[in-house]
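Start at 1 with the first residue, then count along the sequence. Atoms within each ligand, like the ligands themselves, are counted from 1 in listed order.
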Amino acid sequence: MSTALASIASSLSRKVLSNYVGHRPQIYFRSFTSCILLPSINKFSVTKPNQFKNLKMSSEKPKVIFVLGAPGAGKGTQCSNIVKTYGYAHLSAGDLLREERQRSGSEFGELIEDCIVNGKIVPVAVTCSLLENAMTKCFAETGTNKFLIDGFPRNRDNLDGWTLQMSEKVDLQFVIVFDCTEEVCVERCLKRGAAGSGRTDDNLESLKKRFNTFYNDSLPIIEFYDAKNLVRKINGVGDADVVFESVQKVFKEIKD
Ligand SMILES: Nc1ncnc2c1ncn2[C@@H]1O[C@H](COP(=O)(O)OP(=O)(O)OP(=O)(O)O)[C@@H](O)[C@H]1O
Ligand SMILES: Nc1ccn([C@H]2C[C@H](O)[C@@H](COP(=O)(O)O)O2)c(=O)n1
């Protein structure tokens, strides 16, 4: 990494942390105008840092579908079905954050863990860079240029960061929202925890906080996209196969 880039990236990561400590993570992003790879987010890195400056893939813009819904609404399950049937690549913001948390030497590990356990949302510079790097890597390895982005954008900070860093670089097709009652979602997550998910947030205490964040921070983002007629709401209660039938109806729209 060039000295200048390393210095910008390192000062950015300090900003992320200091704003996080001050509980105002959204502010820092205003000075963040292009994708700069944070020094510690190198799981998806390739050797030349310049490749990260912009998401340049094929001549066509990458197609993106956001997949949203409450914790346990079935986003990951249905994304797997979509991958098999429609050839999209699945990028889960939560999975990318969990991987980054586990990466030895990550300076964001503690911050990510604190957010996950307490149902808070990680500052967008971290998440958006992980997503952009994963998209770039996925395209380089598989040629896939269609992405399901699961669990993002989750709050205003996520949305603002994405708008600044990514929105011009991709073609947002629509936003799938799985609609599921809190009761069903909680039951699913607890069952997932009991079955050995190893997730530190599949417990009642974390779920309460995650639901608060969903109602207060994520629903307004869904409303934002709904006002743009981009939301495709799907009933997430019921058998996974039945839910997937509804998903297929939405995808028919793309083919027709
Ligand atoms: N339609 C369904 N019926 C019953 N169980 C389901 C259904 N869909 C998913 N599940 C199960 O519920 C749990 C949560 O599903 P999944 O991981 O797909 O949800 P999610 O929305 O991605 O959750 P999170 O936001 O917590 O990552 C999993 O154990 C999954 O197997
Ligand atoms: N945009 C995101 C997505 C996820 N996180 C953190 C906080 C979530 O509670 C946790 C788990 O996500 P899930 O696997 O349920 O999608 O990951 C975040 O901070 N920002």
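- Protein heavy atom closest to atom 6 (C) of ligand 2, with residue, atom name and distance, is Leu97 CD1, 3.8 Å.
- Counting only heavy atoms of the protein, atom 5 (N) of ligand 1 lies nearest to Arg188 NE, 3.6 Å.
- In terms of protein heavy atoms, atom 17 (O) of ligand 2 is closest to Ile116 CG1, 3.7 Å.
- Looking at ligand 2, you won't find any N or O of Thr127 less than 3.5 Å from one of its N or O atoms.
- Backbone and side-chain nitrogen or oxygen atoms of Arg154 are examined, and none is located within less than 3.5 angstrom of a nitrogen or oxygen of ligand 1.
- Side-chain contact annotation: Asn133 with Thr136, donor-acceptor N/O pair under 3.5 Å absent.
- Remark: ligand 1 atoms within the under-4.0 Å shell around heavy atoms of Gly74 are 16 (P), 18 (O), 19 (O), 20 (P), 21 (O).
- Between Gly151 and ligand 2, a contact under 3.5 Å exists for at least one N or O pair.
- For the atom pair NZ of Lys137 and CG of Leu91, the computed distance is 10.5 Å after rounding to the nearest 0.5 Å.
- Taking only nitrogen or oxygen atoms, main chain and side chain alike, Arg192 reaches within less than 3.5 Å of ligand 1.
- Classified by interplanar angle (parallel below 30°, tilted 30° to 60°, perpendicular above 60°), the ring pair Phe211/Tyr215 is tilted.
- Residues Thr200 and Ile116 have side chains in contact (heavy-atom distance under 4.5 Å, counting atoms from C-beta outward).
- For atom 19 (O) of ligand 2, the closest heavy atom belonging to the protein is Val122 N, 2.7 Å.
- Between Asn158 and ligand 2, an N or O atom pair is found at a separation short of 3.5 Å.
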Practice prompt. Please lay out, stage by stage, how Glu110 and Arg101 fare under the test salt bridge (charged side-chain N to carboxylate O under 4.0 Å, His left out).
Written response: CA-CA 7 Å; Glu110 267 182 48; Arg101 176 191 61 184; over 6 Å; no

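- Taking every non-hydrogen atom of Gly76 and a distance limit under 4.0 Å, the qualifying atoms of ligand 1 come out as 18 (O), 20 (P), 22 (O).
- Separation of atoms CD1 (Ile221) and CG (Asn158) is listed at 7.5 Å; rounding is to 0.5 Å.
- Atom CD1 of Ile82 sits about 12.5 Å away from atom NZ of Lys75, to the nearest 0.5 Å.
- For atom 20 (P) of ligand 1, the nearest protein heavy atom (residue, atom name, distance) is Lys75 N, 3.5 Å.
- At the top of the distance list for atom 11 (C) of ligand 2, counting protein heavy atoms only, stands Arg98 NH1, 3.5 Å.
- Here the heavy atom of the protein found nearest to atom 20 (N) of ligand 2 is Ile121 CG2, 3.6 Å.
- At a 3.5 angstrom cut-off on N or O pairs, Asp150 does not count as close to ligand 2.
- Looking at atom 16 (O) of ligand 2, its nearest protein heavy atom turns out to be Arg154 NH1, 3.0 Å.
- Counting heavy atoms from C-beta outward, Met135 and Met166 have side chains that approach closer than 4.5 Å.
- Around atom 27 (O) of ligand 1, the closest heavy atom drawn from Gln78, Lys191, Arg199, Glu187 belongs to Arg199.
- For the atom pair NE2 of His90 and CG of Asn81, the computed distance is 11.0 Å after rounding to the nearest 0.5 Å.
- Rounding to the nearest 0.5 angstrom, the gap separating the CG atom in Asp226 from the NZ atom in Lys233 is 6.5 Å.
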Discussion item. Apply salt bridge (charged side-chain N to carboxylate O under 4.0 Å, His left out) to residues Arg232 and Glu253 and explain how you reach the verdict.
Written reply: CA-CA 11 Å; Arg232 305 293 179 267; Glu253 187 187 314; 2.9 Å; yes

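- Within the listing of ligand 2, atoms 1 (N), 3 (C) sit less than 4.0 angstrom from a heavy atom of Ala93.
- Residue contact check for ligand 1: Ala73 places a non-hydrogen atom closer than 4.0 Å to it.
- Heavy-atom contacts of Ala70 reach the following atoms of ligand 1: 21 (O) (cutoff under 4.0 Å).
- Interface of Phe152 with ligand 2, defined as ligand atoms under 4.0 Å from a residue heavy atom, comprises 1 (N).
- Those atoms of ligand 2 with a heavy atom of Arg199 less than 4.0 angstrom away are 11 (C), 13 (P), 14 (O), 15 (O).
- The protein atom (non-hydrogen) at minimum distance from atom 30 (C) of ligand 1 is Thr77 OG1, 3.7 Å.
- Inter-residue side-chain proximity for Cys180 and Arg188 is flagged as met; some heavy-atom pair is nearer than 4.5 Å.
- Close contacts between ligand 2 and Lys120 involve ligand atoms 7 (C), 19 (O) [criterion: under 4.0 Å to a heavy atom].
- Residue Asp239 touches ligand 1 through its backbone alone, judged by heavy-atom distances below 4.0 Å.
- When the heavy atoms of Gly238, Ala195, Gly151 are ranked by distance to atom 3 (N) of ligand 1, first place goes to Gly238.
- Taking only nitrogen or oxygen atoms, main chain and side chain alike, Ala240 reaches within less than 3.5 Å of ligand 1.
- No side-chain donor-acceptor contact under 3.5 Å links Gln248 and Thr85.
- Counting the atoms of ligand 2 from 1 in the order shown, those under 4.0 Å from a heavy atom of Arg210 are 9 (O), 15 (O).
- Exactly one of Trp162, Phe147, Phe174 qualifies for a ring pair (Phe, Tyr, Trp, His ring centres under 6.0 Å) with Phe66. That residue is Trp162.
- Contact annotation: the side chain of Leu130 approaches that of Glu100 to within less than 4.5 Å [non-hydrogen atoms, C-beta and beyond].
- The closest approach between Gly72 and ligand 1 falls below 4.0 Å for a heavy atom of the residue.
- Summarising the geometry, atom CZ belonging to Arg156 is positioned 6.0 Å from atom CZ belonging to Phe224; distances are rounded to the nearest 0.5 Å.
- A side chain to side chain contact (heavy atoms under 4.5 Å, CB included) with Leu68 holds for exactly one of Val175, Ile176, Val231; it is Val175.
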